[in-house]
Trainee: 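Pasting in a structure now, in structure tokens, and then I'll have a few things to ask.
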Amino acid sequence: MSEQGRQRWAQYGAALVLVAVGFGARCGLQPVFGANHAYTIFYPVVLIAAYAFGVGPACVVAVISGALGYWFFATPIYALKFDADNLTLLGIFALTSSSTIYLMGGMSRAVAETKVAQAQAERLAQAHAALFRELNERVTNHLQLVAALLQLQARDEPDAAARKALGEASARTMLISKTHRVIAGEGGELLDFGAFARQLLDATLSARSHPPVRVEFEQGGLWLSSEQATSVAIVLLECLNARLSSDDPGLMRIGLRADRGMGRLRITEIEKALDPIAPTGPSLIDAMVEQLRGRFSSRSAAEGRVSELTFPLEYGHGGQGLAAPTLH
């Protein structure tokens, strides 16, 4: 006999045990019920059997329970009864039991179908996630290949200006590849933007051969979705590029925090008086601020140039404070 067949027979055996328990309970309650409530104790027995064992065992339980109630507890006991009262009570028990079995069977089938559909959806989601990871990996690898080809072309380029332009293009392409790998690896989870920004700026400064600009992160933290992290990172890089264009040594202090559903990026540039960042015409900062539905401001202060980006956080993402090392 197969495993499924043994399990089915075990369900029928358990259903018979359940009937025996119900019969024993009804016999124990005979002093209380007397000649009344011949079938009362068997209603929950049928219900439990339909829920636990399925339609077939429940039908067996209903038939046996009806027979036991009719023969042992309906008056006159131990005799065939064809009067209207007994037939009506037996008919009500049969109708109630069949309705219970039908409804419980339908619920069980619906639950089983839902489980199957959920399992299929999970398998499909896992397959799509695997394809998405493969796509991200391929995009990253292709970007790295482009960066390598640009670097190779730069080595063979006799013109110094073209060689420099190709080298910068190679470095930026490699930076894009690293950024894509970090963001794509987060999936739908929140991204620790503080850690991500440190890696991004470190890679940017490395690509620029470590210019004499120090970057420090203040205590604080910010958790963003990948979409918001991308936009804020572009604003941060534009501010860094504006600082590097002056080609003067200095310190950039970056603060990240979340407060009452708003995210804030504050960049303070110290050691040299600088004019506020005021892009002429459309700029990446304007586009990212519009995408974030936020506000960007830049002003000159006693401590240096202070640029600040504020924007509403998606789903109320919060921040957590961590001390940050200095990037060189």
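One-based numbering along the sequence shown.
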Trainee: Roughly how far apart are M252 CE and L201 CG, rounded to 0.5 Å?
Mentor: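 So the CE of M252 and the CG of L201 are separated by 7.5 Å.
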Trainee: Please say whether the positively charged group of R26, taken as NZ for Lys or CZ for Arg, lies over the ring of F72, i.e. under 6.0 angstrom from the six-membered ring centre and within 45 degrees of the axis.
Mentor: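 Relative to the ring axis of F72, which defines the angle, R26 lies outside at least one limit.
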Trainee: Which heavy atom of Q228 sits nearest a heavy atom of P312, and at what distance?
Mentor: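 The pair with the smallest heavy-atom distance is NE2-O, 3.0 Å.
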Trainee: Write down the atom of A161, the atom of D159, and the distance for their closest heavy-atom approach.
Mentor: N-OD2, 3.1 Å
Trainee: For the CD atom of E216 and the CG atom of L251, what is their distance to the nearest 0.5 Å?
Mentor: 4.5 Å
Trainee: Is V55 linked to L95 within one hydrophobic cluster, defined over Ile, Leu, Val, Met, Phe, Trp and Tyr using a side-chain heavy-atom separation of less than 4.5 Å?
Mentor: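 No.
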Trainee: Give me the atom names and distance for the closest heavy-atom approach of L313 to G263.
Mentor: CG-N, 3.5 Å
Trainee: Can you see whether Q11 engages R8 through a side-chain donor-acceptor pair at a distance of less than 3.5 angstrom?
Mentor: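 Short answer, yes.
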Trainee: Give the minimum heavy-atom separation between F196 and A233, together with the two atoms involved.
Mentor: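 Scanning both residues completely, I find the closest heavy atoms to be CE2-CB, 3.8 Å.
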Trainee: Any non-hydrogen side-chain atom of H37 less than 4.5 Å from a side-chain atom of F73?
Mentor: no
Trainee: Measuring only between side-chain heavy atoms, which start at C-beta, is V116 closer than 4.5 Å to Q120?
Mentor: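 A side-chain contact under 4.5 Å exists here.
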Trainee: What's the separation between atom CD1 in I234 and atom SG in C239, rounded to the nearest 0.5 Å?
Mentor: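 Those atoms lie 12.0 Å apart.
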Trainee: Within the supplied structure, the quantity of interest is the number of heavy atoms (other residues, nucleotides, ligands) at a distance under 6.0 Å from F33 CZ; does it exceed 12?
Mentor: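 Yes, CZ of F33 has more than 12 neighbouring heavy atoms, counting only those of other groups under 6.0 Å.
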Trainee: Is there a path of hydrophobic side-chain contacts, each under 4.5 Å between heavy atoms of I/L/V/M/F/W/Y residues, joining L237 to L292?
Mentor: yes
Trainee: Salt bridge between R138 and E134, side-chain N to carboxylate O under 4.0 Å?
Mentor: yes
Trainee: Can a donor-acceptor pair be found, under 3.5 Å and without considering hydrogens, that links the side chain of Y70 to the backbone of K81?
Mentor: yes
Trainee: Show the numbers, then the answer: is there a side-chain contact (heavy atoms from CB on, under 4.5 Å) between L309 and I285?
Mentor: CA-CA 10 Å; L309 171 67; I285 292 181; over 6 Å; no
Trainee: According to a hydrophobic-cluster definition based on side-chain heavy atoms being under 4.5 Å apart (Ile, Leu, Val, Met, Phe, Trp, Tyr only), do L90 and I92 belong together?
Mentor: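 Shared cluster, yes.
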Trainee: Is any side-chain heavy atom of W223 less than 4.5 Å from a side-chain heavy atom of D192?
Mentor: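 They are in contact (side-chain heavy atoms under 4.5 Å apart), so the answer is yes.
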Trainee: About how many Å separate CG of L200 and CZ of F193, when rounded to the nearest 0.5 Å?
Mentor: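 Spacing of CZ (F193) from CG (L200) equals 7.5 Å.
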Trainee: I want to check something: taking the side chain as every heavy atom from C-beta on, are F311 and L224 in contact at a cut-off of under 4.5 Å?
Mentor: yes
Trainee: Is any side-chain heavy atom of I101 closer than 4.5 Å to one of V61?
Mentor: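 No, their side chains stay 4.5 Å or more apart.
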Trainee: Checking D202 side chain against R198 main chain: does a donor-acceptor pair fall under 3.5 Å?
Mentor: no
Trainee: Could you walk me through whether L265 and L256 pass the side-chain contact (heavy atoms from CB on, under 4.5 Å) test, one step at a time?
Mentor: CA-CA 5 Å; L265 166 67; L256 299 168; 3.4 Å; yes
Trainee: Counting only heavy atoms not in Y12, do more than 12 fall under 6.0 Å of its OH?
Mentor: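 It does: Y12 OH has more than 12 such atoms within range.
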Trainee: Could you tell me whether E290 atom CD has more than 12 heavy atoms of other residues or ligands within 6.0 Å of it?
Mentor: no
Trainee: Could you measure the distance from the CE atom of M262 to the CZ atom of R257? Nearest 0.5 Å is fine.
Mentor: 11.5 Å
Trainee: Among the clusters formed by ILVMFWY side chains lying less than 4.5 Å apart, do F23 and L47 turn up in the same one?
Mentor: no
Trainee: State yes or no: do I64 and I48 share one hydrophobic cluster built from I, L, V, M, F, W and Y residues joined by side-chain heavy-atom distances below 4.5 Å, directly or via other members?
Mentor: yes
Trainee: Could you tell me which non-hydrogen atom of G22 sits nearest to which non-hydrogen atom of I41, and how far apart they are?
Mentor: O-CG2, 3.7 Å
Trainee: Considering all heavy atoms of both residues, which atom of L190 and which atom of S225 are nearest to each other, and what is their separation?
Mentor: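 Smallest interatomic distance, heavy atoms only, reads CD2-N, 4.2 Å.
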Trainee: Is the closest side-chain heavy-atom distance between L18 and F53 below 4.5 Å?
Mentor: yes
Trainee: Can you tell if the side chain of L80 reaches within under 4.5 Å of the side chain of W71, non-hydrogen atoms only?
Mentor: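 L80 vs W71: side chains touch.
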Trainee: When you look at F42 and S97, which way does the side-chain contact (heavy atoms from CB on, under 4.5 Å) test go after all the steps?
Mentor: CA-CA 9 Å; F42 295 108; S97 298; over 6 Å; no
Trainee: Decide yes or no for F296 and S307: does some side-chain heavy atom of the first lie under 4.5 Å from some side-chain heavy atom of the second?
Mentor: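 Yes. Closest side-chain heavy atoms under 4.5 Å.
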Trainee: Is there a side-chain contact (heavy atoms from CB on, under 4.5 Å) between L236 and L240 once you walk through the steps?
Mentor: CA-CA 6 Å; L236 179 60; L240 177 63; 5.8 Å; no
Trainee: Working to the nearest 0.5 angstrom, can you tell me the gap between R253 CZ and E218 CD?
Mentor: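 Output value for this atom pair is 6.0 Å.
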